[in-house]
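A short worksheet on the structure shown next.
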Amino acid sequence: MAFEGLAERLQSTLSKIKGKGKVTEADVKTMMREVRLALLEADVNFKVVKDFIASVKERAVGQEVLKSLTPGQQVIKVVNEELTKLMGGEQSKIAVAKKPPTVVMMVGLQGAGKTTTTGKLANHLRKSYNRKPLLVAADIYRPAAIKQLETLGSQLDMPVFSLGDQVSPVEIAKQAIEKAKEEHHDYVLVDTAGRLHIDESLMGELQQIKEAVNPDEILLVVDAMTGQDAVNVAESFNEQLDITGVVLTKLDGDTRGGAALSVKAVTNTPVKFAGMGEKLDALEPFHPDRMASRILGMGDVLTLIEKAQTTVDEEKARELEKKMRTADITFDDFLEQLAQVRNMGPLDELLGMMPGANKMKGLKNVQVDEKQIGHIEAIVRSMTKAEKENPTILNASRRKRIAKGSGTSIQEVNRLIKQFDEMKKMMKQMSGMTAKGKKKGKFKFPFM
Amino acid sequence: MSFFKKLKEKITKQTDTVTEKFKDGLSKTRDSFVGAMNDLVKNYRSVDEEFFEELEELLISADVGVVTVMELIDELKDVARTRNIKSSEELQPVISEKLAELLQKSEEDGKVNVQESGMTVILFVGVNGVGKTTTIGKLANKFKQEGKSVLLAAGDTFRAGAIEQLEAWGERVGVDVIKQQSGSDPAAVMFDAVQAAKSRGVDVLLCDTAGRLQNKVNLMNELEKVKRVIEREVPGAPHEVLLVLDATTGQNAMNQAKTFGKATDVSGIVLTKLDGTAKGGIVLAIRHELDIPVKFVGLGEKVDDLQEFDAEQFVYGLFSEVLEEAETE
């Protein structure tokens, strides 16, 4: 069964309570049960959930919720606040040593994404802070791990320090620091081999590296899809190495990422970065508050808004808005808008950030095919100027020509024109609404 | 005789089939197994709400997933009521049997579909970092030891160093790898590999693919294409599509099984990294909901650390922590 957002879960619980006029303590208990389920489904560790529920319940049973007119909303608010508090409010940055080079050690289980993250972090340091990092290949165990880092290094055009797989990682790390000092690198990123937190000898090796190079930052790389075990992993890495931060990888997947909360709760160190894709620039600063919403299944509205703000040209948007109001939109505008939306990133990613998008009829499990959008663009581009401005002249023969010109079928062209017409109609309705003031009912936004 | 006693005897009897390694891993808990179990049963003499709550927590902590756990608990409550089971001792075997049954419905479940005559093609799929390439290396070794000729296809043309990693395994095990340059079309690599495998007349062709998150539509389409090429070139192939799952993965594994299943008709699961503290309980939910059996488990980094799946041992693993706790108390 698919996970349902906490908001939806609470809604259905509340609908049973409705009509009672007042929410009782027992009702709060039922709601807490839903919160618990939501968090467990999101992979938050059950012990962490237990503590969390206890603290939320205390607040919920207090005046805040019981006296509220919208108890469901209030519970969500309390949960969200407490979650954000637990996640750590502030966004935290990577350490800088007083005396360069700053030494960063990457540790974690096998397959968490240490090597890839090392490459991404190097890229981030250069791009955002104009730093000159040295990559150090200290994974001598996994076949071709050194080669992997070297390939990343050449893709980034950055030096990689390696002594092959016959020298001990401790020695490699030591020599790398010397080399970094000689060549004036201001960051040294040590990529260590993945290991199990219960492997005593390999964990001992990490401690030796730590003693040898005295790192300013030890980043634990954690797969965002990790389940209940995240607690054990984070706890023992932290106990043995005193980690200073966490990098959450593979967050571009469709996991809720409850592991983030578990890791934060047991180590009390901040999540500093999030891996958001396979490309080398796909490492982003971590926003704890947004993670809270994601875990609860409420969508990442803030990121969406931010993306829109940075990519949409304001003036063009205003112009478009005016046109929309008069329903005077042409295919040219349509293309323009399509391009703006696309600039914001892959469409399915955007949809994922929209709260409730995954529950909307028709949008549920929608797989936005970027190719399809390419087709649409091709169709519009195959129209003449006159056709774009006045779609009513599109007769059968014109449509046939457009289909041929764009390499699509007449059916596809017809579908697009129909959709465009409907969009125009919808806009007319909307502008009618604003003109007559706030008329209720009738028209609803799809996301309301 | 209690179920766990039976289980213990079964495991001890299996010494020939189970490798020394696996035994080593289990021996610590196994020695005090029965005693510990008795302690636990003593702690929860009666089957009450508290007992079920404890059980629920235990299963959730193993990543079984809330929905499946609730259903299981409800079923167990029903059983307890209808059979009038009052003591936890009596319910114990019911629990374990139910779980084991769910995981292994028949003897055939864990078997790999190896062709009697002609070539067997196995395709490996999964998200990033679960251990696809390592599993292929281990499995290549296993088949080679059985006297079969093996060929590997380096279908991960995306990740830096992936081809080299598979080549290193090929060298270690002593089998050839068919590859193209990094960045080339994986479907083309598969085509080459299938042709090479045909002309050499090998018994087993193991196909690596790049790790991909299941919500990347384009990458899933690419995977479908890879499978189509194999289907077209070898009738009846791929004979197995194995989804490699990391045991540390939580509820997202269900999404993985669903989406990869849809794209490539996954026929079995390889559960890797079970040598850590993660229990991989999500395979219970996957079996329950999607009916995909587990075929292999990865128990370490050594070349012979891949074992055929044994439901009883797996269930035993789910409870091992409780046993240890009871032991220390």
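First the proteins, then the strands, lettered A, B, ... as listed; each starts at 1.
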**Message:** Which one wins on heavy-atom pair count under 4.5 Å against chain A: G276(B), A285(B), A168(B), G281(B)?
**Reply:** G276(B)
**Asked** Nearest 0.5 Å, what's the CD1-CD1 distance between I282(B) and I286(B)?
**Response** 5.5 Å
**Heavy-atom proximity to chain A below 4.5 Å, by part of Q256(B)** = side chain
**Asked** If you count heavy-atom pairs under 4.5 Å with chain A, which of L213(B), I163(B), D246(B), N252(B) comes out on top?
**Response** N252(B)
**Engaged part of K50(A) at the chain B interface, taking heavy atoms whose separation is under 4.5 Å** = side chain
**Message:** Is D63(B) in contact with chain A via its backbone, its side chain, both, or neither, using a 4.5 Å heavy-atom distance?
**Reply:** both
**Item:** Heavy-atom proximity to chain A below 4.5 Å, by part of V130(B)
**Value:** neither
**Asked** Checking L219(B) against chain A: side chain, backbone, both or neither under 4.5 Å from a heavy atom?
**Response** side chain
**Request:** Give a yes or no on whether D291(B) atom CG has more than 12 heavy-atom contacts from other residues, nucleotides or ligands under 6.0 Å away.
**Result:** yes
**Message:** Looking at K132(B) and V127(B), would you say the former's side chain and the latter's main chain have a donor-acceptor pair under 3.5 Å?
**Reply:** yes
**Request:** Below 4.5 Å from any heavy atom of chain A, which atoms of E301(B) appear? Answer side chain, backbone, both or neither.
**Result:** side chain
**Request:** Count the heavy-atom pairs under 4.5 Å between each of A253(B), G129(B), G131(B), G211(B) and chain A, then report the option with the highest count.
**Result:** G129(B)
**Asked** Are any of the side-chain nitrogens in D185(B) or K225(B) under 4.0 Å away from the carboxylate oxygens of its partner?
**Response** yes
**Request:** Let me know if M220(B) has heavy atoms under 4.5 Å from chain A in its side chain, its backbone, both or neither.
**Result:** neither
**Request:** Measure the CD-CZ distance between E278(A) and R212(B) for me, rounded to the nearest 0.5 Å.
**Result:** 8.5 Å
**Prompt:** Taking atom CG of D223(A) and atom OG1 of T248(B), what is their separation to the nearest 0.5 Å?
**Reply:** 6.5 Å
**Asked** In terms of heavy-atom proximity below 4.5 Å to chain B, should E150(A) be classed as side chain, backbone, both, or neither?
**Response** neither
**Message:** If we ignore hydrogens and angles and just use 3.5 Å, is the side chain of T192(A) paired with the main-chain N or O of M106(A) as donor and acceptor?
**Reply:** yes
**Message:** Within a 6.0 Å radius of atom CD on E71(B), are there more than 12 heavy atoms belonging to other residues, nucleotides or ligands?
**Reply:** yes
**Prompt:** Pick from V233(A), T151(A), D199(A), D43(A): which one has the most heavy-atom pairs with chain B under 4.5 Å?
**Reply:** D43(A)
